[in-house]
Amino acid sequence: MATNKVLVTGASGGRQGKTGRHVSEMLLARGVAVRAFVHRRDERSERLDALGAEIVEGDFLDIRSVQRAVQGVSAVYFAYPVQDGLLDATAIMAVAAREAGVSRLIDLEMLVSSPDAPTPRMRQNYLSEQVFEWAGIGAAHVRATVFYENLRALSRLTLAAEGTIRLPWGNLGTVIPLVAGEDVARVAVGLLTKEQVPAGSSYPVIGAVVSLREIIETFGRVLGREVRYEEISDEEWRADALARGLSQHAVEHLSNLWRALRTMGERLQPERFEITDTIEKLGGAKPKPLETFVREDQEALAAEAARAAA
Ligand SMILES: NC(=O)c1ccc[n+]([C@@H]2O[C@H](COP(=O)([O-])OP(=O)(O)OC[C@H]3O[C@@H](n4cnc5c(N)ncnc54)[C@H](OP(=O)(O)O)[C@@H]3O)[C@@H](O)[C@H]2O)c1
């Protein structure tokens, strides 16, 4: 495709995979013009500005700001955070992108997207995909599994304070498909810059398939300390997560996701999930292993552990 300007939403990068930030940086490194859609200007947007991105402030839920942002771009990267409002944001982007003549929209979804998917957010993802397809804007879907960043966010506090990971993930044999946010961004960049991408196509992204036992061992090895897993009930996890400030939307999605993964992990064999070839084929790199991710994050984890011990 002609590598005209790409509008990248979520460009500052938030509390999860920071895929918008990675997509922006990767596109700029390839010489592709980027318009970075940011919620507000801050040091994160200054960094993108310094790298050469055009910065536009806006809100996914404010149609006027989205209409302004899509003017003159040929492609859009759409990554709406795990919070209320996905369907409104989808309709707004679909209308604005159609009016502006956008010919490619790559949207980030979760691994499973169907009317019967196990979480309410995944079922919304399915509807969102349909709306983008009806809009005739060349929509294609990146379907990513749970991010390493999510695992880190979920385990960080108890890991630092007590050396435990407390989750309702079943026994140590439960198998979890994971991926680095950076690898998800690589796939999106491959699709944003590829000559042809069939409208309505979808791309599963799994970078690692690991058991809970391997996750615990990896954290223990990298941190050089004993790490334990403590299985908690769904109710305990929900209460903890809400107390830590996770939104009702995220808690609803994640608690249903944990139940589905746990059930699949208990009932099915590890080969239920496979590392996908999308990261190498579209992203041009081997998937980042969990251990590499944890090592890169080691300093932050160690600092947190020191703070917790003080
Ligand atoms: N986490 C997972 O395990 C996982 C797995 C598969 C798929 N996904 C998908 O990944 C997507 C999230 O992408 P991500 O991890 O790259 O997100 P992220 O790191 O959490 O970043 C979200 C970005 O959205 C911006 N933002 C929030 N509300 C906004 C609004 N109303 N208007 C404009 N910008 C707004 C944030 O800006 P501020 O920080 O300035 O507010 C931030 O830059 C979701 O669609 C989710 O379904 C996640």
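None of the values given here were measured: they were computed from a predicted structure.
In the model, Arg21 has no side-chain atom that pairs as donor or acceptor with a side-chain atom of Ser12 under 3.5 Å. Between the side chains of Ser128 and Tyr126, not a single donor N or O lies within less than 3.5 Å of an accepting N or O. Residues Tyr77 and Thr19 have side chains that bring a donor and an acceptor to within less than 3.5 angstrom of each other. Residues His253 and Gln124 have side chains that never bring a donor and an acceptor to within less than 3.5 angstrom of each other. Of the N and O atoms on the side chains of Arg228 and Thr164, not one donor lies less than 3.5 Å from an acceptor on the other residue.
In this structure, the side chains of Arg121 and Glu252 stay at 4.5 Å or more apart for every pair of heavy atoms. Counting heavy atoms from C-beta on, the side chains of Phe273 and Val175 come closer than 4.5 Å. Counting heavy atoms from C-beta on, the side chains of Tyr203 and Thr276 never come closer than 4.5 Å. Using a 4.5 Å heavy-atom threshold, the side chains of Val38 and Val56 count as separate. Proximity of Ile55 to Phe37: side-chain heavy atoms (C-beta onward) are nowhere separated by under 4.5 Å. Using a 4.5 Å heavy-atom threshold, the side chains of Pro287 and Ile275 count as touching. Between Tyr80 and Leu61 the shortest side-chain heavy-atom distance falls below 4.5 Å. Glu231 places none of its side-chain heavy atoms less than 4.5 Å from the side chain of Leu172.
Val112 is not connected to Leu87 by any chain of hydrophobic side-chain contacts under 4.5 Å among Ile, Leu, Val, Met, Phe, Trp and Tyr, and they are in different clusters. No path of Ile, Leu, Val, Met, Phe, Trp and Tyr side chains, each step under 4.5 Å between heavy atoms, connects Leu105 with Leu108, placing them in separate hydrophobic clusters. Note on Ile216 and Ile232: same hydrophobic cluster, where clusters join Ile, Leu, Val, Met, Phe, Trp and Tyr whose side-chain heavy atoms are under 4.5 Å apart, directly or indirectly. Clustering ILVMFWY residues whenever any of their side-chain heavy atoms sit less than 4.5 angstrom apart, transitively, puts Leu86 in a cluster other than the one holding Trp134. A continuous path of ILVMFWY side-chain contacts below 4.5 Å connects Val187 to Leu28, so both sit in one hydrophobic cluster.
Scanning all heavy atoms of the two residues, the minimum distance from Asn256 to Pro120 falls at ND2-CD, 3.9 Å. Closest approach of Pro204 to Leu111, counting heavy atoms only: CB-CD1, 4.2 Å. Residues Leu159 and Arg225 share a closest heavy-atom pair of O-NH1, 3.4 Å. The shortest non-hydrogen separation linking Ala75 to Leu192 is CB-CD2, 4.0 Å. Between Ala241 and Val251, the closest heavy-atom pair is CB-CG2, 3.8 Å. Considering all non-hydrogen atoms of both residues, Ala139 and Phe132 come closest at CB-CB, 3.6 Å.
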Exercise. Could you go through the side chain to side chain contact (heavy atoms under 4.5 Å, CB included) check for Ile215 and Thr218 one step at a time?
Key: CA-CA 5 Å; Ile215 292 174; Thr218 303; 5.7 Å; no
Practice problem: Step by step, work out the side chain to side chain donor-acceptor pair (under 3.5 Å) result for Thr193 and Arg30. | Solution: CA-CA 10 Å; Thr193 53; Arg30 287 188 182 202; 2.9 Å; yes
Quiz item: Under the side chain to side chain contact (heavy atoms under 4.5 Å, CB included) criterion, do Leu212 and Asn171 qualify, and how do the steps go?
Solution: CA-CA 8 Å; Leu212 197 38; Asn171 65 41; over 6 Å; no
Quiz item: Given the rule in the side chain to side chain contact (heavy atoms under 4.5 Å, CB included) test, do Val8 and Val6 qualify, once you have shown the distances and angles that lead to the verdict?
Solution: CA-CA 6 Å; Val8 179; Val6 177; 4.1 Å; yes
Exercise. Test Asp59 against Arg40 for salt bridge (charged side-chain N to carboxylate O under 4.0 Å, His left out), laying out the working first.
Key: CA-CA 9 Å; Asp59 189 315; Arg40 57 178 164 274; over 6 Å; no
Quiz item: Run the side chain to side chain contact (heavy atoms under 4.5 Å, CB included) check on Val197 and Ser201 step by step: do they pass?
Solution: CA-CA 7 Å; Val197 174; Ser201 53; 3.8 Å; yes
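Taking CZ of Arg295 as the start and CG of Leu223 as the end, the distance is 9.5 Å to the nearest 0.5 Å. We find the CZ-CG distance between Phe219 and Leu290 to be 6.0 Å, quoted to the nearest 0.5 Å. Distance check, rounded to the nearest 0.5 Å: OG1 of Thr278 to CD1 of Ile206 gives 8.5 Å. Here the straight-line distance linking atom OG of Ser113 with atom CD of Glu129 works out to 3.5 Å at 0.5 Å rounding. Residue Ile176 holds its CD1 atom at 5.0 Å from CG of Leu261, rounded to the nearest 0.5 Å. With rounding to the nearest 0.5 Å, the separation of CZ in Arg44 from CD in Glu46 is 11.5 Å.
The residues Glu149 and Arg15 are annotated as not salt-bridged, no charged nitrogen and carboxylate oxygen being separated by less than 4.0 angstrom. A salt bridge links Glu291 with Arg221: the distance from a Lys NZ or Arg NE/NH1/NH2 to an Asp or Glu carboxylate oxygen falls below 4.0 Å. Here Asp42 does not pair with Arg47 in a salt bridge; the nearest charged N to carboxylate O distance is not below 4.0 Å. Taking 4.0 Å as the cut-off between side-chain N and carboxylate O, Glu296 and Lys288 count as a salt-bridged pair.
A donor-acceptor pair under 3.5 Å is absent between the side-chain atoms of Tyr148 and the main chain of Gly17, judged by distance alone. At least one donor-acceptor pair under 3.5 Å links the side chain of Arg123 to the backbone N or O of Ala117. Between the side chain of Thr174 and the backbone N or O of Trp169 there is at least one donor-acceptor pair closer than 3.5 Å. Side-chain N or O atoms of Gln130 include none that pairs as donor or acceptor with a backbone N or O of Leu127 at under 3.5 Å. In this structure, Lys18 contributes its side chain and Gly14 its backbone to a donor-acceptor pair below 3.5 Å. With hydrogens and angles ignored, the 3.5 Å screen pairs no side-chain donor or acceptor of Thr119 with any backbone N or O of Leu257. Judged by distance alone, with hydrogens and angles left aside, the side-chain atoms of Arg35 form a donor-acceptor pair with the main-chain N or O of Ala69 at under 3.5 Å. With hydrogens and angles disregarded, no donor-acceptor distance shorter than 3.5 Å links the side chain of Glu25 to the backbone of His22.
Of the candidates Leu178, Val205, Asp183, Val179, Val179 is the only one forming a side chain to side chain contact (heavy atoms under 4.5 Å, CB included) with Phe147.
Within 6.0 Å of atom CZ in Arg98, 12 or fewer heavy atoms from other residues, nucleotides or ligands are found, so the atom counts as exposed in its surroundings.
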